[in-house]
Amino acid sequence: MAEILLDVRGLTHRYAMTSSRSVTALDGVSFQIRHGEIFGLVGQSGSGKSTAARCIMNLLRPTGGDLHYKGVDLLDPKQRRENRRMLQTTRQLIFQDSASSLNPRMTLADIITEPMVINSVKPPRGSMRAEAEFQAAKVGLSPSCLDRRPPELSGGQRQRAAIARALCMEPELLIADEPVASLDVSVQAQILNLFRHFQTEHGFSLLFIAHDLSAVHWLCDRVGVLFHGLLVESAPTTELFENPLHPCTRALLSSVPLPDPRRERQRRLERFDTDTLPAAETLREVSPEHFVLKED
Amino acid sequence: MPLLEVIDLSVSFDTPGGELQAVRDVSFSLDAGEILAIVGESGCGKSVLCKAVTRLLPDTARIKSGSVVIDGLSLSSMPERKVQKLRGQLFSMVFQDPMSALNPSLSIGAQIAEAVRVHAPCMKRSEVRERVLELLSLVGIDRAADMYKLYPHNLSGGQRQRVVTAVALASGPRLLFADEPTTALDAGLQTQILDLLRDIRQRLGTSTVLISHDLGAVARAADRGAVMYAGKIVETGTTEEIFYDPRHPYTWSLLLSLPSRAERGRKLHSISGTPPTLIDPPSGDAFAPRNPWALEIDYEQSPPMFRVTDTHFAATWLLDPRAPKITPPIGGNDRG
Amino acid sequence: MTADKFVPAAPRPICDAPPPVPPRRHGLFLPAALLGIIVLGCLCCELFIPRDPTYMDLRFCNVPPCRDFPFGTDSMGRDIFSMIWYGGRVSLLIGFAAAAVSTLAAVVLGSLAGLAPPQPETLLLRANEIVMSVPNLLLVVLIQSVLGKPRAMGIALVLGLTGWMSMARVVRTEVRQLRQSEFVLASQCMGGGFFHVLRRHLAPNFLPSITYMAVMNVRAAIAAESTLSFMGLGLPPEVISWGSMLSLAESALTGHQWWIILIPGFFLLVTLLCLTALGNAAHGGVSRRHSNL
Amino acid sequence: MRHNALLLTKKLIIFLAGLLALSMAVFCVSRMAPGDALISYYGERAEKMSPDERSAAEARLGLDRPLHVQYVRWLSGAARGDFGISFMYKTDVLSLIRSRLGNTLILGGSGFALIFFLAPLLGILCTRLEGRWPDRLICRLGAVSGCIPEFWLSLLLIALFSVTLRLLPGSGAYCVGKSGELADRLEHLVLPLTVVVLSHLWYYTYLVRSRLLGEVRQDYVLLAKSKGLTPRRILFRHCLRNIMPSYLSLMAISIPHILGGTYIVESVFSYPGLGTLSYESARYKDYNLLMLLCVLSGASVMLCSSLAQAVSRRIDPRMRDGTPVSGEARNDG
């Protein structure tokens, strides 16, 4: 079994709304990502998926828990400073909305090579331009796009550019926060294929955050289910889809639409009420690698 | 006689880059009590089509040709004032984003009451209130009386979409246009809203035109489907025909690219390239450049609608008797 | 139609990139040209003005426009045509200098407020509010009395120091919005330092509104200088500027000497209008979405 | 209830602290300025005084003390409602201001009211006819009128209507001996009021217009339209209602601004109001008058901006419930 790349333990985050009120976005979430594995994080909107991604990228300061990446404590400023360069180059984030995560006033060529400029990496292919062309070709962007600015391009093309930007530093951990949610079906397929292709080629680990379970089923090795900031179940993909144990997971699975009228019309939604969630629960391993939140 | 009949409708926008042909020669019809889904990717003109039929297009759009007949009334030649009287009463709309479709500074009760009162100005206050409560419970909102005074930001996304539906149903329209009603919602809520549309059809007999990019939504809610690409309807048929026996290469590609159909670990089918711009669209079949099954003639001449069955039509030269026989990737006896 | 067209087509290259969007044209030529003429004329006025603008020829007081004096003379017998170009220099100089001061102050303080944590930010906002609460005119008079005898640069400084407050607020909100935008977050993820983010992301997105504000500041300063000088609080009539020329207007009213009022005012107005047009163009138009009404 | 009282107290403290800071700043700046305060009291005579006479005079006016002592004395007087006397007019500052306040309020108040009602109407007109000629015409005219300096517009109007055509009076608030006659007052008000309205109206119309243009691009307009509402009803009942909170708070903030705008107009038209008074007091270093004027205008600004906050909190249901209007639900996707 490959060694653990990212270790998340008891991650908790609260957003302060006013001085007295706060909203718990993450409540003691624990999971591990191994080298070369695709880990899917699923859940409804508002279940804390993006918050987790931002905590891991150090964009948000978690209120509690431990985060270790390649043995570096991500919550310790000193260790972070010592490993700054390693953290910047080997962890990359892809946002959901490519329209807002790419600077509308930069050309695609500049966007793709920005991480190299920041980390003053000498371009292995001679010039930055050549590097941009190489990376663009890898994600299937024609060179004519490189002088365009993001608003002139389609959503699929922008998301390709975002992927090219993340991949040009050859990361070891790629975090993709709902990378296909705002794309059309056929473009979604293109982007999912790209992820799969690059993952096998480069062997990086991928944290794939999505609410579309069919994409997660197709792409991921292991899946964790978030519900209202709690990680209720995590298991290898086939195991989770065939044998869901937690009612939250079952409810989530029952909501997946099927492109098949007869089966789709027979599909019944399983209701799950927040109130029935017991107060004190711990994550237990019920079968190898299959963890479920259970009452104490 | 069909309730809605659209014949050869073409809509263009005047843009700085030239004339954008958003909808090109679209015809379809809808019977009373039927749910028709129009599917297509973003930018294929399905929303524009919907707004053109309901006459909600902005000033920059021009309806170049075609006619729209609802319940025997020719909508396309009617003055705006008359159309205004029909809106809400004969036909009505549900929108994509329920948050922005509701006015944030009016209570939901007031917004529904307004829709009730437009077409029944003499109604008494108490009667209006009764009707609003009735509508709220019709769309499945519990404790309607408590909800009356709430504002849109107090509700969850699913509840908001239910309120929008209540607004649309306020004056008992015979025809409902739902423009991507589930896109902004979670999967579970999507299913609930789609079931609500079917439920309303069951109870009130309302016909619905459902616009969506989501094939799952079509499979769940629609009786018939129409697939749109680059401003044209390329295939239309019953839902079963579209899903189990599709004939147009674009429909094949759409279905094949769904991850839920694909085997785990196998490459997904994807459509290469991007849709053509609708400013000066190519002659011939607009899908040809991205179509692995394209014929030479596709680049020269756009195909007519070929009849497959009485309900099933597709615009592809592959159905021409002269075309080579190919094995469709989906269809025949394949049942999913 | 022949049957040989019904054969599978050879794969053709797919055009991926959409055609470039043609740039939008603004009706900018006229204001830019007019402003150019005025600025150039003021800068090179020695080359063509017929008389010394400061020379008071008491034989020709209040002469209406004629062949010798195309714009007439004022009540001190100076040639208005020469004064316009010569005085325009001072007015424009004050305008640009004041705008430089106020824009600088607005950008620095506004960015500080936008980047600061909540506590110092409220303090800055409060201070801003208090300064804003004094009527501008009073503030100008106050600061000017501290600075002493009115001189062009002094006035520019005063106008600059009193004109930055509302701009600073705009800058603050823009900085806040940009700072939270995802592309800035993305850049921070990649390890972009403060100056990298400022140079590559904040400044380019910020430039249009800064340009707009700077141009509007020039406009406001020119207008304010003329108002001050007219009220006798700015430059004295001996120092020629468009404003000080207009300070003779009140006496000209009763004497029906319309040219003394109209001509400098007209130049002033044209300059202000051109600046407005240019500023709006720099700011960009309204969103291109269609009205739903 | 307790919570409210606490909030009110907090606001009051902030308000008083603001006033204190303002008065201190004005006090220091005005006293540090070079120039002779005695001139405003003694006029020409001050320049011919001997050093002894000077110091005696300064002692009499309390100007010989250190700065902080002078300030504390002013402050303790102010707390008792005694703001000192005006050096120039040699009367109580408060009564002097009271006598002029009415005139300024008439001019500024009627100007404010006109702007307040005309701006939304014009804005709605522009929105309804967006891009057509009336809209373009209003925008062009507005751009021009917004550029004309107030004093020059005043001069033009005086030149045209009172000097050339002799239709309307060009100076003062009333003719001598006719201060009680309404018609006479109105006649004197026409020109200054025109200038005040013209020079501010455009700005507010433009704001209303751009807000409304943003509103009519919202989806709820489509929903309202598909209910069968007429465009006019949508504009008034939905769009106008939605921009009202921001418009009202904007107008509340603008009260002192518009009043301040009358200062220049007042002095061109020699209109006896606060404008001419404050201009004189600053010019001739009439300390007590200056202080009170600054503190008054500062207080009005701060009051109006609290008013603005209160208004928008009351009208906007999102703010009323304590939910932040935006940027809250964005954290998670």
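All chains are named by letter (A, B, ...) in the order of the sequence lines, taking the proteins before the strands, and each is independently numbered beginning at 1.
A pairwise comparison of heavy atoms in D:L250 and D:Y204 identifies CD2-CD2, 3.7 Å as the closest pair. Residues D:R237 and B:A110 come closest through the heavy atom pair NH2-O, 4.1 Å. Between D:C239 and D:Y220, the shortest heavy-atom distance links the atoms CA-OH, 3.7 Å. Residue D:V221 comes nearest to D:V216 through the heavy atom pair CG2-CA, 3.8 Å, listed as atom of the first residue, atom of the second, then distance.
With chain D as the partner, the residue from B:V167, B:L106, B:V118, B:N103 showing the most heavy-atom pairs under 4.5 Å is B:N103. Chosen from B:S107, B:A101, B:P152, B:S92, the residue pairing most often with chain D at heavy-atom distances under 4.5 Å is B:A101. In terms of heavy-atom pairs under 4.5 Å with chain B, the best-connected choice from D:K227, D:E215, D:R241, D:K225 is D:K227. For the set B:K85, B:R81, B:Q84, the entry with the most heavy-atom pairs within less than 4.5 Å of chain D is B:Q84.
Scanning residues 41-55 of chain B against chain D with a 4.5 Å heavy-atom cutoff picks out B:K51, ordered by number.
Ion pairing of B:R87 with B:E80 is present here, as a side-chain N (NZ or NE/NH1/NH2) and a carboxylate O approach within less than 4.0 Å.
Heavy-atom distances place both the backbone and the side chain of B:A115 under 4.5 Å from chain D. Both the backbone and the side chain of D:P231 come within contact range of chain B, each with at least one heavy atom under 4.5 Å from a heavy atom of that chain.
Counting heavy atoms from C-beta outward, B:D214 and B:Q190 have side chains that approach closer than 4.5 Å. With a 4.5 Å cut-off on side-chain heavy atoms, D:E266 and D:N103 do not count as touching. Side-chain contact between B:Q111 and B:V163 is absent, with no heavy atoms from C-beta onward closer than 4.5 Å.
Counting heavy-atom neighbours within 6.0 Å of B:E19 CD, excluding the residue itself, gives a total above 12.
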